[in-house]
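All values reported here derive from a predicted model rather than from experimental measurement.
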Amino acid sequence: MTFSAAVSGASGYAGGEVLRILAGHPQIEIGAVGAHSNAGQRLGELQPHLHSLADRVLVDTTVENLAGHDVVFLALPHGASAAIAAQLPAETVVIDAGADHRLDSAEEWDQFYGSPHAGTWPYGLPELVVDAEGTRQREQLRGATRIAVPGCYPTSALLALGPGFAAGLLEPEDVVIVAASGTSGAGKAVKAHLLGSEVMGSMSPYGVGGAHRHTPEIEQGLSKAAGRRVRISFTPTLAPMPRGILTTATARVPEGVTAAQLREAWETAYAAEPFVTVLPEGRWPSTKSVAGSNHAQLQLAHDARAGRVIVTCVIDNLVKGTAGGAVQSMNLALGLPEDTGLTLQGVAP
């Protein structure tokens, strides 16, 4: 069976990556390819790497152009998805790559985004452990018609620490997460601080002091895994690379918990997951190892002296962190094998 899919925001990084994956998906026929300010242009002028779609002409992102498809991907700026999604048919699978429908709390949405809360959709991180029994978020995605794709930082942070909180092995206070992201995470709009001459050979922090919008999203996911409120200190940094995220997450471990118990919790949690790998002891992940793929790689260590676990997780921010996670969630919603169209390996060198 073949399903039709429309992609909005196709001229941006996230929309382009959705199209790259869908172009190789055996059960998806790409329909409308939408943009807004770039409507009327050939896709090949803006996404020259999408060879098979180069002659497609971008249409305006309107409800009329998106309706009539089985699936609609909304790769739009935050705050732009809700109005369009509300007008699409209830039976259409709508997958929002923006933040509009990720948060449960209207208060936190207002605090971090400053606009009316559009409501909450099922969260599109299938591997997220949501309780002590090991239930995964994918159960909420099967047959869903509305899905909120996680942010790229939350994807890596939740994969890093979720198993430990679900197993009751981590304390909910004093959780510290530092993540380095490639510049594509900031989008395709021209910004002076993202010019090559500004970024090359330099790293810089931003959103420091709890100001980054992904903070409540990470806390929300970890709190569900833990069954109680988790507070984090999150600091993102900009790295001189086009794509990839390296997240280092640490949390306090109760006295008596051993390194063996910690490793068993993570290995058990991800043993059957096709896209998440806990590396053998002594081998640490690098962003290059997952570039271009829907995979996450993790490693953990028990710092007994400090009483903490340190987990490092790497993902490609545009694939597992956005477009790959969106297609993975779509597969679950449509009743397809979860890895359909996502068997791409990493790219090296």
Side-chain angles (χ1 to χ4, degrees), residues 5-19 22 30-41 43 46-47 56-69 71-90 92-124 144-155 181 184-191 194 207 211-217 220 317-318 321-323 325-327 329-330 333:
V7 179
S8 67
S11 59
Y13 288 135
E17 199 73 350
V18 170
L19 286 170
L22 292 182
I30 298 173
V33 178
H36 183 57
S37 59
N38 292 308
Q41 293 186 256
L43 182 63
L46 301 165
Q47 305 281 20
R56 294 290 191 96
V57 176
L58 293 166
V59 299
D60 197 7
T61 296
T62 64
V63 173
E64 292 73 22
N65 286 330
L66 298 177
H69 297 82
V71 184
V72 173
F73 291 88
L74 300 176
L76 302 174
H78 302 320
S81 300
I84 293 175
Q87 300 176 69
L88 290 170
T92 301
V93 176
V94 182
I95 300 179
D96 185 8
D100 292 25
H101 303 94
R102 295 173 186 163
L103 296 184
D104 294 337
S105 168
E107 181 181 352
E108 288 191 329
W109 172 268
D110 180 66
Q111 178 185 349
F112 282 85
Y113 292 90
S115 62
H117 187 228
T120 307
W121 291 358
Y123 195 63
T145 59
R146 296 293 188 270
I147 295 172
V149 179
C152 51
Y153 284 128
T155 295
S181 173
S184 60
K188 207 171 184 180
V190 177
K191 300 166 187 170
L194 296 178
H212 196 277
R213 289 173 168 179
H214 286 170
T215 300
E217 187 180 341
Q220 175 179 285
N317 60 297
L318 292 178
T322 307
V327 172
S329 297
M330 176 202 74

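Of the possible donor and acceptor atoms, one in the side chain of Thr61 sits under 3.5 Å from a partner among the backbone N and O of Ala35. Checking side-chain atoms of His78 against main-chain N and O of Gly98 turns up no donor-acceptor pair under 3.5 Å. Although no hydrogens or angles enter the test, the distance criterion places no donor-acceptor pair under 3.5 Å between the side chain of His101 and the main chain of Ile147. Judged by distance alone, with hydrogens and angles left aside, the side-chain atoms of Gln41 form no donor-acceptor pair with the main-chain N or O of Leu46 at under 3.5 Å. Although no hydrogens or angles enter the test, the distance criterion places no donor-acceptor pair under 3.5 Å between the side chain of Trp109 and the main chain of Leu103.
To the nearest 0.5 Å, atoms OG (Ser8) and CG (Asp96) are separated by 8.5 Å.
When every heavy atom of Gly124 is checked against every heavy atom of Pro150, the shortest pair comes out as O-CD, 3.3 Å. Minimum interatomic distance between Trp121 and Ala85 (heavy atoms only, all atoms of both residues): CH2-CB, 3.5 Å. Closest approach of Glu108 to Pro216, counting heavy atoms only: OE1-CB, 3.4 Å. In terms of heavy atoms, Ala75 sits closest to Ala97 at CA-CB, 4.1 Å. Taking both residues in full, the closest heavy atoms of Ala144 and Pro122 are given as CB-CG, 4.4 Å, listed atom of the first, atom of the second, then distance.
Counting heavy atoms from C-beta outward, Leu76 and Asp100 have side chains that stay 4.5 Å or more apart. Leu74 is listed as a side-chain neighbour of Ile84, based on a closest heavy-atom distance under 4.5 Å. Between Leu66 and Leu88 there is a side-chain heavy-atom pair separated by less than 4.5 Å. In this structure, Ile95 and Val71 have side chains that are in contact, with non-hydrogen atoms separated by less than 4.5 Å. Between Leu58 and Leu43 the shortest side-chain heavy-atom distance falls below 4.5 Å. Between Val7 and Leu22, some side-chain heavy-atom pair lies under the 4.5 Å cut-off.
Partners of Asp110 by side chain to side chain donor-acceptor pair (under 3.5 Å), not counting sequence neighbours: none found. Listed by chain and number, the residues in a side chain to side chain donor-acceptor pair (under 3.5 Å) with Ser105 amount to none (sequence neighbours excluded). For Asp104, the salt bridge (Lys or Arg N to Asp or Glu O under 4.0 Å) test picks out Lys224, with sequence neighbours left out. The ring-ring contact (aromatic ring centres under 6.0 Å, His included) check on His36 picks up nothing, with sequence neighbours excluded. For Phe112, the ring-ring contact (aromatic ring centres under 6.0 Å, His included) criterion is met by no residue, not counting sequence neighbours. Listed by chain and number, the residues in a salt bridge (Lys or Arg N to Asp or Glu O under 4.0 Å) with Glu17 are Arg20, Arg243 (sequence neighbours excluded).
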Under the criterion side chain to side chain contact (heavy atoms under 4.5 Å, CB included), I'd like the reasoning laid out for Leu19 against Phe73: C-alpha separation, chi angles, the key distance, then a yes or no.
CA-CA 10 Å; Leu19 286 170; Phe73 291 88; over 6 Å; no
(message) For Arg102 and His214: C-alpha separation, side-chain torsions, deciding distance, then whether side chain to side chain contact (heavy atoms under 4.5 Å, CB included) applies.
(response) CA-CA 10 Å; Arg102 295 173 186 163; His214 286 170; 3.7 Å; yes
| task | Check the pair Arg56 / Ile30 against side chain to side chain contact (heavy atoms under 4.5 Å, CB included), numbers first and verdict last. | result | CA-CA 10 Å; Arg56 294 290 191 96; Ile30 298 173; 3.9 Å; yes
For this session: List the steps, then state whether side chain to side chain contact (heavy atoms under 4.5 Å, CB included) holds for Thr322 with Asn317.
Result: CA-CA 6 Å; Thr322 307; Asn317 60 297; 5.7 Å; no
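Within 6.0 Å of CD on Glu107 lie no more than 12 heavy atoms contributed by other residues, nucleotides or ligands.
Judged by distance alone, the side chains of Tyr123 and Glu217 do bring a donor and an acceptor atom under 3.5 Å apart.
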